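This report concerns only the one structure given below.
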Amino acid sequence: MKVIDMNPAEEYIFNQPEPFRSILMHLKGVIEHTIPEVEMKFKYRVPYFYIGKTPICYMNQAKDYVDLGFWSSAYLTRHIELMCTEGRKVVKSLRYKTLEEINDDILMDVLKEAYSVKDKGFWK
């Protein structure tokens, strides 16, 4: 039997209970499909997606949802009415409680915009 060697970000995903594991795996697939040059790293105890040294977004399973937070969200303009900002000054996120809640078209649209503003930084 071959043992699969996972990095800490992959371990984070696979160690989550359902439905969160499936949500995280789906989000990872859409992120990597939409931004092929993205690299998943493990920062601040959650999976982050980087292009070079620039973070694009992160995934975090919290309470009863998965949070997909966007690093340069101060510059995002698309679908912000669907994003959560509660208790935050800058970060905006898409939150999912079930796999069925994920609209891939909206997700890809936000990811493309996040990629386009990646060099603007965290603060506006």
Side-chain angles (χ1 to χ4, degrees):
M1 183 163 107
K2 184 177 179 179
V3 175
I4 298 172
D5 188 26
M6 289 189 277
N7 68 41
E10 292 168 331
E11 284 184 31
Y12 174 91
I13 292 169
F14 287 107
N15 286 331
Q16 299 306 314
E18 289 297 349
F20 308 117
R21 181 184 320 124
S22 293
I23 294 169
L24 291 162
M25 289 174 63
H26 182 83
L27 293 175
K28 178 182 181 294
V30 173
I31 293 165
E32 291 172 343
H33 171 79
T34 306
I35 309 171
E37 63 270 33
V38 80
E39 180 184 358
M40 185 173 68
K41 299 180 180 183
F42 195 66
K43 301 285 183 175
Y44 311 107
R45 300 189 334 217
V46 297
Y48 263 79
F49 292 88
Y50 279 78
I51 296 188
K53 294 182 179 182
T54 305
I56 301 295
C57 60
Y58 67 88
M59 302 187 303
N60 182 33
Q61 192 274 306
K63 299 179 186 173
D64 63 342
Y65 58 85
V66 170
D67 215 24
L68 179 62
F70 293 91
W71 189 258
S72 297
S73 59
Y75 300 94
L76 297 180
T77 61
R78 296 182 188 151
H79 309 291
I80 56 172
E81 72 282 0
L82 301 174
M83 294 189 183
C84 179
T85 59
E86 83 183 43
R88 300 169 172 166
K89 293 181 179 172
V90 179
V91 173
K92 294 179 182 85
S93 65
L94 293 170
R95 285 192 176 166
Y96 304 105
K97 291 185 177 187
T98 67
L99 195 55
E100 293 75 25
E101 289 179 0
I102 301 171
N103 180 319
D104 286 349
D105 293 331
I106 290 172
L107 177 55
M108 289 187 291
D109 201 28
V110 173
L111 286 165
K112 288 173 186 173
E113 184 178 31
Y115 177 80
S116 75
V117 298
K118 70 183 182 310
D119 296 324
K120 294 194 179 230
F122 187 74
W123 301 99
K124 198 165 194 180

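Residues take their numbers from the sequence shown, with the count starting at 1. All figures in this text were calculated on a predicted structure; none of them were measured in a lab.
Between Ile35 and Phe49 there is no side-chain heavy-atom pair separated by less than 4.5 Å. In this structure, the side chains of Phe14 and Met25 come closer than 4.5 Å at one or more pairs of heavy atoms. A heavy-atom distance below 4.5 Å is found between the side chains of Thr98 and Glu101. The closest side-chain heavy-atom distance from Tyr44 to Tyr58 is not below 4.5 Å. Looking only at side-chain heavy atoms (C-beta outward), His26 and Asp104 come within less than 4.5 Å of each other. Within the 4.5 Å cutoff, the side chain of Asn15 has no heavy atoms near those of the Glu10 side chain. Contact check for Thr85 versus Val91: no side-chain heavy atoms found under the 4.5 Å cut-off.
More than 12 non-hydrogen atoms from other residues, nucleotides or ligands lie less than 6.0 angstrom from CE of Met83.
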Requested in this report: Run the numbers on Leu94 and Phe70 for side chain to side chain contact (heavy atoms under 4.5 Å, CB included), then give the verdict.
Outcome: CA-CA 9 Å; Leu94 293 170; Phe70 293 91; 4.1 Å; yes
Report task. For the pair Met40 and Ile13, evaluate side chain to side chain contact (heavy atoms under 4.5 Å, CB included) and give the outcome as yes or no after the intermediate values. Result -> CA-CA 11 Å; Met40 185 173 68; Ile13 292 169; 3.9 Å; yes
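Panel note: side chain Thr34, backbone Ile31; no donor-acceptor pair is recorded below 3.5 Å.
Separating the CD atom in Glu113 from the OG atom in Ser72 is a distance of 10.5 Å, to the nearest 0.5 Å. Separation of atoms CE (Met59) and CD1 (Ile23) is listed at 11.0 Å; rounding is to 0.5 Å. Atom-to-atom distance recorded for Cys84:SG and Lys92:NZ is 11.5 Å, nearest 0.5 angstrom. Rounded to the nearest 0.5 angstrom, Ser93 OG and Asn60 CG are separated by 9.5 Å. Taking CG of Asn103 as the reference point, atom NE2 of His79 lies at 8.0 Å (rounded to 0.5 Å). In this structure, Leu107 CG and Leu68 CG are separated by 6.0 Å, a value rounded to the nearest 0.5 Å.
A donor-acceptor pair shorter than 3.5 Å cannot be found between the side chains of Tyr12 and Asn7.
The two atoms that bring Pro47 and Ala9 nearest to each other are CG-O, 3.9 Å, heavy atoms only.
Taking the ring axis of Tyr50 as reference, the NZ or CZ atom of Lys41 stays within 45° of it and closer than 6.0 Å to the ring centre. Under the 6.0 Å distance and 45° angle rule, Lys112 does not count as a cation-pi partner of Tyr115.
Taking Arg95 as the reference, Asp67, Glu86 meet the salt bridge (Lys or Arg N to Asp or Glu O under 4.0 Å) condition, with sequence neighbours excluded.
Using a 4.5 Å cut-off between side-chain heavy atoms of Ile, Leu, Val, Met, Phe, Trp and Tyr, with links allowed through other members, Tyr65 and Tyr96 fall into different hydrophobic clusters.
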